[in-house]
Amino acid sequence: MNTPIISFRDYTFQYRAQARPTLYNINLDIYPGEKILIAGPSGSGKSTLASCVNGLIPFSYPGESTGELIVDGMEAKKQSIFQLSKSVGTVLQDPDGQFIGLTVAEDIAFALENDCVPQAEMHATTKRVAGLVDVAHHLDYAPHELSGGQKQRVSLAGVMVDAVKILLFDEPLANLDPAAGKQTIELIDRIQKETGTTVLIIEHRLEDVLWRSVDRIILMDEGHVAADLRPDELLAGSLLTETGIREPLYLTALKYAGVSVTPEKKPAHPDTLVLDEADKAQVRRWFQAVQPAPAPEPKPVLLEVQGLSFGYTKDRPTLRDISFTIRKGEMVSIVGRNGAGKSTLSKLVCGFETPDSGRILLDGRDISDDNIRTRARRIGYVMQNPNQMISKTMIFDEVALGLVHSGMPADQIRARVEETLKICGLYPFRNWPISALSFGQKKRVTIASVLALGPEVIILDEPTAGQDFHHYTEIMEFLRRVNEQGVTVLMITHDMHLMLEYTPRALVFSDGRLIADKSAAEVLCDPALVEQAALKETSLFTLAGRCGIAPPEQFVQRFIDYDREVRAHGC
Amino acid sequence: MAANTVLNYLPRKSFVHQLTGTTKLAFFLLFTFASMITYDTRVLVGLMIISFAAFRASHIKLREVRFMLVFMLIFLILNNVFIYLFSPEQGVQIYGTRHVIVHLFWRYTITWEQLFYTLNISLKYFVALPVAILFISATNPSEFAASLNRIGVSYRVGYSVAIALRYIPDIQRDYHSISQAQQARGIELGKKEKLLARMKNSVNILLPLILSSLARIDTISNAMELRGFGKKKKRTWYVSRPFARNDYLVLGFGVLLLVASLVITFWDGSRFYNPFV
């Protein structure tokens, strides 16, 4: 066989600021033209592994390494980041942050500029590469005029101007809506086939990456390579669940139904999965055996939106004639592509913006005249990025901040904050500095700081963005407990799993209109709706179809109910 | 969510926009120098006419740069008020005569000389201001970086200016959303609150803003290094344009203006035009 393009030999790496190595004794070969998925939970070392390959380690993140790492025939340790960037093109996680140029063209040409490429050649290369990733018509656009998916294409083009041999994607799906994520995976696949580059994708959202086939999956866990297998082999085993990576839902469903999943059944993709009649009958039997959960009693209406319209500029409405009702104690997700009006809706409800027409009623009372602060007593708002909310250094002070400003006496504040911290599982940390917390814990602090004000409704913007399965479950189970205590929860999300598993009902937005208001299972089993709102069908829908189960949304619902039972009882 | 930037590039199709960044930078420097050195009213009026004409030629509307205008006018008024407070006889000293209009109190008298001096100071603002605004609003930031580089400034410096301009709107957006979220926690930042309390409360926005900006900087610098920024001593520019005929004409005109204003100003050995003798 030919020589590997990336080769780790007994490679160990330790960050300067850390007590223990992040990577232990890695032995790994990657061959030219391979497409590899590197999966693993947060902190497993998968991003560190990537930083070693592209040279950010040790250039930007110093530390000690032992063993050997060869990248494209060079010993990585002895090369500068610039030398390595000629061979390895990296697309970082944040499509907005890595957009350097003022326009698409300048951003794509950035590497060429740094290489002193003459202008005429630079313009030609930029145009060619822009065509390759379908942004040729947007060359003079500024970053804020592009969608997340387009920005990512630009980033990809920016590294492809050099004839790199390795393309490295660091969590490419983290900031995209489901449909854009799907297109990204398709684009990566196409580019890899057209150019024959070696592709490394770092991502914990396994099912989404596997939309297009990969050659191998390298599973990282606690700094070790836990598995290095073909997808079919890995998916048939139980390693994924053990390391805390979510396996594709259709496989979980098959396992619940008692169908044994073997590598021979090609489980990597729901369409190519081999199911014989016995297997299908088995799934159908399971479907019929599971009892549907009883529908809950309808509660009184809490929040009502009537004919709401709004536009930032006069001639371009962002929201058009939106009406819906939310009942007490509901948990509802708000979905749709970026720019469909989801965030604007939450801003109108919180009073950050004033609607052009329409009313918002809370408990039957029109709150249009209430200012932000008055509404805040009953409607809480949690931003996506906890770092944008935290303004105190100590946890207690942060959670108490809103109460202090409401003029509540100090002893009452203490009691209320301590109670909230207990609910949020943060009580043991109450005297800690916030900087000592993980991202997920910070998120919880921000939720606690809003809950301390005692709102009846909280609106969360992307509560689980960028979280691995473990942290996702942690945050969502916490929100569910909050919800069970009577707080109504609205969530803006791109995460189809979240929507299915935690919110019985979904509001779907597209182009400023509310185009659907029904159960999450129904939404994700409606191909036309999925297409229009840039969502992604659930693989359970595909599985239901293949097993001849109709209607598919019932199958999906059964699965969700059953899965909840299983996970609640911890087996 | 169009965040209004204070210093922003306003793309147009105009004579001024089509000049290269280097030309605009050089002309801006020549012109500012000329207006700084002279107090000759005739020269200032001449320069002001050119300055206004250039502004018109750029097709930039006054209301688009309103913020900068108001800011500069406040500055101008403050400047004049303070000159008068500290040195009410400055004009008399310069022009050597004393024509009293009215005596106010103590040492404060309004004289024709002082008024004329104030007029000259104000004229200087009106000469420099349109050209300065024009330079900021009609120069593409990347081109500006490229032009700094061309006149010998390190490209790292030039690029850091350009990148700051690139991220100002993002940081403004951050500021906006952070402030909204803080208000939703009951912290009043609106107009209802007293100024002092508002300023105190603004601290609650600052920390998150700084932290999220630091995270941004980390990402950008990684992204830049991964794409070879700083590898070589030189770099080329996607947007830089070759000098056209108009560029040479404008540059020549700038030099001519400077020389002319110097000559007229110093002809009689004084920087001031004196109508009182």
Side-chain angles (χ1 to χ4, degrees), chain A residues 54-56 59-60 80-82 85 90 92 94 96-98 100-103 105-106 109-119 122-123 126 143-144 158-159 312-313 347 350-352 371-373 375-377 379-381 383 385 387-392 401-403 405-406 449-450 453, chain B residues 1-3 9 11 140-142 155 159 162-163 165-166 169-170 173-174 176-178 180-190 192 201 203-209 211-212 215-232 234-242:
Chain A
N54 64 24
L56 278 178
F59 195 86
S60 288
S80 70
I81 189 169
F82 304 133
S85 76
T90 311
L92 296 171
D94 173 7
D96 206 42
Q98 65 184 310
I100 303 161
L102 284 156
T103 60
E106 285 174 69
F110 186 72
L112 300 173
E113 292 181 323
N114 294 327
D115 244 349
C116 290
V117 172
Q119 211 180 28
M122 177 152 59
H123 284 220
T126 305
H144 64 85
V159 299
Y312 289 101
T313 49
K347 285 182 179 169
C350 294
F352 300 162
N371 65 5
I372 300 181
R373 208 165 142 184
R375 292 190 203 191
R377 290 189 201 121
I379 305 171
Y381 174 67
M383 295 173 85
N385 182 353
N387 293 330
Q388 292 198 340
M389 283 189 81
I390 292 170
S391 54
K392 295 284 175 201
L401 182 65
L403 295 173
H405 280 267
S406 72
S449 69
V450 169
L453 299 169
Chain B
M1 215 185 339
Y9 169 55
N140 178 331
S142 325
Y155 72 80
Y159 212 88
I163 205 134
L165 291 171
R166 147 82 178 87
D170 286 21
R173 253 195 303 275
D174 278 0
H176 201 64
S177 38
I178 291 170
Q180 285 178 338
Q182 295 291 12
Q183 289 183 59
R185 288 166 70 188
I187 294 159
E188 190 59 73
L189 296 153
K192 267 209 235 153
N201 288 345
V203 177
N204 290 316
I205 304 181
L206 228 53
L207 185 74
L209 188 67
L211 287 180
S212 53
R216 253 180 213 291
I217 291 169
D218 195 45
T219 315
I220 302 161
S221 59
N222 278 345
M224 288 173 76
E225 272 155 11
L226 281 172
R227 282 155 73 187
F229 187 78
K231 174 164 53 177
K232 296 191 175 172
K234 281 187 187 165
R235 82 199 287 276
T236 46
W237 302 83
Y238 186 88
V239 292
S240 78
R241 282 173 295 164

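Residue numbers begin at 1 in each chain, while the letters A, B, ... track the order of the sequences.
With chain B as the partner, the residue from A:Leu403, A:Asn387, A:Leu92, A:Leu56 showing the most heavy-atom pairs under 4.5 Å is A:Leu56. Interface summary for chain B: among A:Gly351, A:Gly380, A:Ala109, A:Gly158, the most heavy-atom pairs under 4.5 angstrom belong to A:Gly158. Looking only at heavy-atom pairs under 4.5 Å with chain B, the residue among A:Gly55, A:Ser406, A:Ala111, A:Ser80 that has the most is A:Ala111.
The shortest distance between side-chain heavy atoms of A:Gln119 and B:Thr236 does not fall below 4.5 Å. With a 4.5 Å cut-off on side-chain heavy atoms, A:Leu401 and B:Gln182 count as touching. A:Lys392 is not listed as a side-chain neighbour of B:Leu207, based on a closest heavy-atom distance of 4.5 Å or more.
Neither the backbone nor the side chain of B:Ser221 comes within contact range of chain A; no heavy atom of the residue lies under 4.5 Å from a heavy atom of that chain. Looking at B:Ile220, the atoms closer than 4.5 Å to chain A (heavy atoms on both sides) sit in the backbone and in the side chain alike.
Here CD of B:Gln183 is found 11.5 Å from SG of A:Cys350. Values are rounded to the nearest 0.5 Å. For the atom pair OH of B:Tyr155 and CD of A:Glu113, the computed distance is 10.5 Å after rounding to the nearest 0.5 Å.
By the side chain to side chain contact (heavy atoms under 4.5 Å, CB included) test, B:Ser142 pairs with A:Leu102, A:Glu106, B:Asn140, B:Val239, sequence neighbours left out. Remark: A:Asn54 pairs with A:Thr90 by the side chain to side chain donor-acceptor pair (under 3.5 Å) rule, at least two apart or across chains.
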Task: Candidate pair B:Trp237 and A:Met122, rule side-chain contact (heavy atoms from CB on, under 4.5 Å), full reasoning - done: CA-CA 9 Å; B:Trp237 302 83; A:Met122 177 152 59; 5.8 Å; no

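Side chain of A:Gln388 to backbone of B:Ile178: no donor-acceptor contact under 3.5 angstrom is found. Between the side chain of B:Arg185 and the backbone N or O of A:Met389, at least one donor-acceptor pair lies under 3.5 Å.
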